[in-house]
Amino acid sequence: MGEVAMNGTTSAWRRWPVIASMVVLAVYLMLALAGTFLGDQANVADVTRALRPPSAEHLLGTDGEGRDVLSRVSVGAGISIMLAAISVALGAAGGLIVALACGLGARWLDRVLMAPMNAVLAFPQLLLAMAIAIALGSGLTSAVIGIVVTIIPVFAVTLRGEALRSRSEAFVEAATTIGLPRWRIALRHVVPYLGTTMTVQIAANFGSAVITLAALSYVGVGARPPTAEWGAMINDGLQHAVSGQWWVGVAPGIALLGLVIAVNIFTDQVRARRRPAGW
């Protein structure tokens, strides 16, 4: 009985990080949902209430334009989560297509497709995304395109190895023997085979996409004023931090940090579930 209880306690302790991260992520989703109803209020400027500290009226204070920081953090949550999700979804789709072509296609096709993928991976992700955003013109759309371009090779390289490995699996060999088209083999057999790896990569790259989006806005090539994006808000808060109005930049900074930490913890737990030892 003692051993069973100890095993149950150990299992519970191993599970609490993923439970806590899921709770935090649920809070962020609710915050983002609330932001959809606060979009207009987040951009209402009133210089008469500028730089007010946190209070009952403004829980996170106001910024230099007199805008409610809590409302802008909520709107920023929606922007970050939505654009990061779009970026990762497009990157995963592009990387999956490349991986399937490499895994099930001819050897020459593998070499042709992987050469640019490896070339892109040779550049730091943030710098390449920044260069693309600048070339296309500053804005959230350009930032998303830059992030997608840097994410596609990550999925392509990771999934390619699994796709090549799937060739030797019995179900793929059987489907090939009976003459099924390659596209059908890919959709019905190989894609499900890659499902676990894709799930881990999606979770891992989501946090990276959130940070990259904030960084691009921070340096001025992402969100444009008065868009309530966390990176742009942190940048705006720097000029007020030296004079004591710390809440302008700290609030979005903590929001960004909390989301990335929760996503990373969740990702680690997803990876752990792939191991026989479990959580």
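Only this structure's heavy atoms are used, side chains among them; waters, hydrogens and symmetry mates stay out. Since we're looking at a predicted model, the values are computed, not measured.
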Between L90 and I145, does a side chain to side chain contact (heavy atoms under 4.5 Å, CB included) hold up when you go through it step by step? CA-CA 9 Å; L90 294 176; I145 294 174; over 6 Å; no
To the nearest 0.5 Å, what is the distance between [atom1] on [X] and [atom2] on [Y]?
X	Y	atom1	atom2	result
L31	T36	CG	OG1	10.5 Å
L126	L213	CG	CG	11.0 Å
T62	Q245	OG1	CD	9.0 Å
S243	L51	OG	CG	7.0 Å
L127	Q125	CG	CD	10.5 Å
L257	I211	CG	CD1	9.0 Å

With hydrophobic residues grouped by side-chain heavy-atom distances under 4.5 Å, do [X] and [Y] end up in a single group?
X	Y	result
V88	V260	yes
I254	V75	yes
I81	L83	yes
I265	I19	no
V200	I261	no

Do the non-hydrogen side-chain atoms of [X] and [Y] ever get within less than 4.5 Å of each other?
X	Y	answer
V98	F155	no
L194	L100	yes
V24	F266	no
V154	M117	no
L216	L140	no
V210	V263	no
D236	Y218	no
P54	L59	no

In short, ring pair (Phe, Tyr, Trp, His ring centres under 6.0 Å) pairs touching residues 20-63 with sequence neighbours left out are none
Quick check: does any side chain N or O of [X] sit under 3.5 Å from a backbone N or O of [Y], one acting as donor and the other as acceptor?
X	Y	answer
S166	A163	yes
S217	A214	no
S80	A77	no
W230	V73	yes
S87	A209	no
S142	G137	yes

Using every non-hydrogen atom in the two residues, find where [X] and [Y] come nearest and quote the distance to one decimal.
X	Y	result
M130	V221	CG-CG2, 4.1 Å
A251	V69	CB-CG1, 3.8 Å
A129	T150	N-CG2, 3.9 Å
A50	G64	CB-O, 3.5 Å
P153	V149	CD-O, 3.0 Å
A84	F206	CB-CE1, 3.6 Å

Hits for salt bridge (Lys or Arg N to Asp or Glu O under 4.0 Å) against D63, two or more places apart or cross-chain, chain-then-number order -> R67, R72
R165 meets the salt bridge (Lys or Arg N to Asp or Glu O under 4.0 Å) criterion, sequence neighbours left out, with E162
ring-ring contact (aromatic ring centres under 6.0 Å, His included) filter on Y193, not counting sequence neighbours, yields F171
### Task
Take R52 and E57, measure what salt bridge (Lys or Arg N to Asp or Glu O under 4.0 Å) needs, and give me the verdict at the end.
CA-CA 10 Å; R52 290 185 180 179; E57 183 180 2; 3.7 Å; yes
Residue pairs passing the salt bridge (Lys or Arg N to Asp or Glu O under 4.0 Å) test with at least one member in residues 123-142, sequence neighbours excluded, are none
So the salt bridge (Lys or Arg N to Asp or Glu O under 4.0 Å) pairs with at least one residue in residues 244-255 (sequence neighbours excluded) are none
### Message
I'd like to know if R160 and D110 make a salt bridge, using a cut-off of under 4.0 Å between side-chain N and carboxylate O.
### Response
yes
- prompt: Would Q269 and S21 count as a side-chain hydrogen bond (donor to acceptor under 3.5 Å, both in side chains) if you check the C-alpha gap in whole Å, the side-chain angles of each, and the deciding distance to 0.1 Å?
  reply: CA-CA 10 Å; Q269 296 303 311; S21 65; over 6 Å; no
Give a yes or no on whether M22 atom CE has more than 12 heavy-atom contacts from other residues, nucleotides or ligands under 6.0 Å away.
no
**N118/V157 under side chain to side chain contact (heavy atoms under 4.5 Å, CB included): CA gap, chis, key distance, verdict** = CA-CA 8 Å; N118 291 326; V157 171; 4.0 Å; yes
